[in-house]
Structure formats: structure tokens, C-alpha cells
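Down below is the structure, laid out as C-alpha cells.
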Amino acid sequence: MSLQSAPSAAAAAVSASPLRVPTVRYATAADDAFIEELQAIAFGPGRFARTAFRIRERFPIDRSLSLVAEVDGTACGSVWMTPISVGGINGWMLGPLATHPNFRKLGAGKLLAREVTKRALARGDGQFVMLVGDRDYYCPLGWEPTTLGAIQFPGPVDPTRVLVYADDKSLATTLSGSIVAFQR
């Protein structure tokens, strides 16, 4: 279903459901058009100029960690993960994370962030999940600010928005270096 038709169909589906509880599933190739359109709605044409997009250009997303959120069977959000390495430590760059405006405030974004992070770290081949985002949104979910300027991005980034989730809580303050390819 196109997001162009999603507002009326989605509004009907949401209003028909008293619970409106999001669920998460793995993305498939059939979701590609939905995800592309959702990212255009959420981030606009400027998304291609963002530094995080430059990282995803250099290192392909891990499709096995691409998730879609649904409410009553209607796709409403998505998240991607990009394998990276910083200072010789493997991890992932979370994002983009987007929720369709008709489904905001239902918890789909937070569910996607938590679930994709849990799945990535459970693999055991990476130690952190990093993102550039709002502290007020992500820190209550377990992300922690990094040391300002310690991680070098391939373009400008607000260092106060660089956050890390790791089982080793000291990693947020000790992780440093340039973002490079995941070390196999």
C-alpha cells in the first residue's frame, strides 16, 4: 500500500482498533517502497545531505536487521541498521528510524529502537549501537551521550547528539576514532 493512500486507510484502521498497539516484524523486499516513501515524509529531500546518510552510502545497511512496525496489520514505521566499527570495536549505526505521522505517539518508534538494538547486540559480533538523535527521546531508552568529538563522522554532526547503547556502560565515554567498515 502506498503511503499516499495510507492516511485515509490508516486512519480507518487506527480508529477501528481500541488498543492501537504496535508490533514489529522483519522488513522484506515488499516493504522497500513503503520505507522509501516513509523516509521522504519523515525527513524530506534534505535527508540525502545528512552525515548519517553518508555513512549508509559507504557501508550498506544490514537487511537482516531492518524492521517494520505495524498497527493492526498496517505498516507504520521502520528502522535500519548499518554495521560500522569505531576504534576497532564493531557496532551498528541505528537509523533512519521513522514513524508515519498518522501513527505517532503509539510507541512504534521506541519499540523499533529497543527491538532492533536487542537483536543486534544478541548476535555477539558487535558491542554497541550508535545514533545521532535527541537525548530526551533516546536516553530514557538506555542510550548515553558519548565524549564530545571523540567519534569522527564523514561530515558535520552535532556532537551533543551522538549517543551509544552498550551493555558495557563505559563504552559511551571511551569509544573514539573514525567510523569505518565493520571488522570481519
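All residue numbers refer to positions in the sequence shown, counting from 1.
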Exercise for the section: Sorted by first residue and then second, give each salt bridge (Lys or Arg N to Asp or Glu O under 4.0 Å) pair with at least one member in residues 92-117; sequence neighbours left out. Expected result: Glu115-Lys118, Glu115-Arg119
Problem - Residue list, side chain to side chain contact (heavy atoms under 4.5 Å, CB included) with Pro140, at least two apart or on another chain - result: none
Exercise for the section: Could you list all the side-chain hydrogen bond (donor to acceptor under 3.5 Å, both in side chains) pairs where at least one residue sits in residues 126-137, not counting sequence neighbours? Expected result: Asp134-Arg161
Practice task
Give a yes or no on whether Leu97 and Val24 share a hydrophobic cluster (residues Ile, Leu, Val, Met, Phe, Trp, Tyr; joining criterion: side-chain heavy atoms under 4.5 Å apart).
Solution key: yes
Completion exercise
Contacts satisfying salt bridge (Lys or Arg N to Asp or Glu O under 4.0 Å) that involve residues 138-158 (not counting sequence neighbours) are Glu144-Lys169
Practice task
Could you tell me which residues satisfy salt bridge (Lys or Arg N to Asp or Glu O under 4.0 Å) with Asp32, sequence neighbours excluded, listed by chain and number?
Solution key: Arg63
Handout entry: Side-chain touch Thr160/Pro145, heavy atoms, less than 4.5 angstrom
Key = no
Handout entry: Hydrophobic cluster membership, Leu111 vs Tyr26, 4.5 Å side-chain cutoff
Key = yes
Handout entry: Student check: side-chain heavy atoms of Pro96 and Arg56 closer than 4.5 Å
Key = yes
Handout entry: Set of residues satisfying side chain to side chain contact (heavy atoms under 4.5 Å, CB included) with respect to Ala181, sequence neighbours excluded
Key = Phe59
Problem - Closest contact, heavy atoms only, Thr51 versus Gly155 - result: OG1-C, 3.3 Å
Exercise for the section: Would you check if Val71 and Val21 make a side-chain contact, meaning some heavy-atom pair closer than 4.5 Å? Expected result: no
Completion exercise
Distance col, row Ser66:OG vs Arg25:CZ, nearest 0.5 angstrom, shows 11.5 Å
Exercise for the section: Measure the shortest side-chain to side-chain distance between Leu94 and Trp143 over non-hydrogen atoms and say whether it is less than 4.5 angstrom. Expected result: yes
Sequence neighbours left out, cut at 3.5 Å: what donor-acceptor pairs do the side chains of residues 172-180 make with other protein atoms?
residue	atom	partner	partner atom	Å
Thr173	OG1	Ser170	O	3.0
Thr174	OG1	Ser170	O	3.1

Handout entry: Sequence-distant partners of Arg123, side chain to side chain contact (heavy atoms under 4.5 Å, CB included), two or more places apart
Key = Asp62, Ser64, Leu65, Trp92, Asp125
Output a table of donor-acceptor pairs, distance under 3.5 Å, between side-chain atoms of residues 77-90 and any protein atom two or more places apart or on a different chain; print 'none' if there are none.
residue	atom	partner	partner atom	Å
Ser85	OG	Ile89	O	3.3
Ser85	OG	Asn90	OD1	3.4
Asn90	OD1	Gln183	N	2.8
Asn90	ND2	Gln183	O	2.7

Completion exercise
CD1 (Ile151) and CE (Met93) are apart, to the nearest 0.5 Å, by 9.0 Å
Exercise for the section: Tell me whether Ile61 is reachable from Leu38 by hopping between hydrophobic residues (I, L, V, M, F, W, Y) whose side-chain heavy atoms are closer than 4.5 Å. Expected result: yes
Practice task
Indicate, with yes or no, if Leu121 and Leu67 share a hydrophobic cluster defined by side-chain heavy-atom contacts under 4.5 Å among Ile, Leu, Val, Met, Phe, Trp and Tyr.
Solution key: yes
Exercise for the section: Write down the atom of Tyr138, the atom of Leu163, and the distance for their closest heavy-atom approach. Expected result: CB-CD1, 3.7 Å
Practice task
State whether the side chain of Gln152 and the backbone N or O of Ala150 hold a donor-acceptor pair below 3.5 Å, judged by distance alone.
Solution key: yes
Exercise for the section: Heavy atoms only: give me the nearest Ala98-Leu112 pair and the separation to one decimal. Expected result: O-CD1, 4.5 Å
Practice task
With sequence neighbours left out, write down each residue that passes ring pair (Phe, Tyr, Trp, His ring centres under 6.0 Å) with Phe128, or none if nothing qualifies.
Solution key: none
Exercise for the section: Just jot down the side chain to side chain contact (heavy atoms under 4.5 Å, CB included) partners of Val157, sequence neighbours excluded, or say none. Expected result: Val132, Phe153, Val162
Exercise for the section: May I ask whether Leu171 and Met130 are part of the same hydrophobic cluster, defined by side-chain heavy atoms of I, L, V, M, F, W, Y residues being less than 4.5 angstrom apart, directly or through others? Expected result: yes
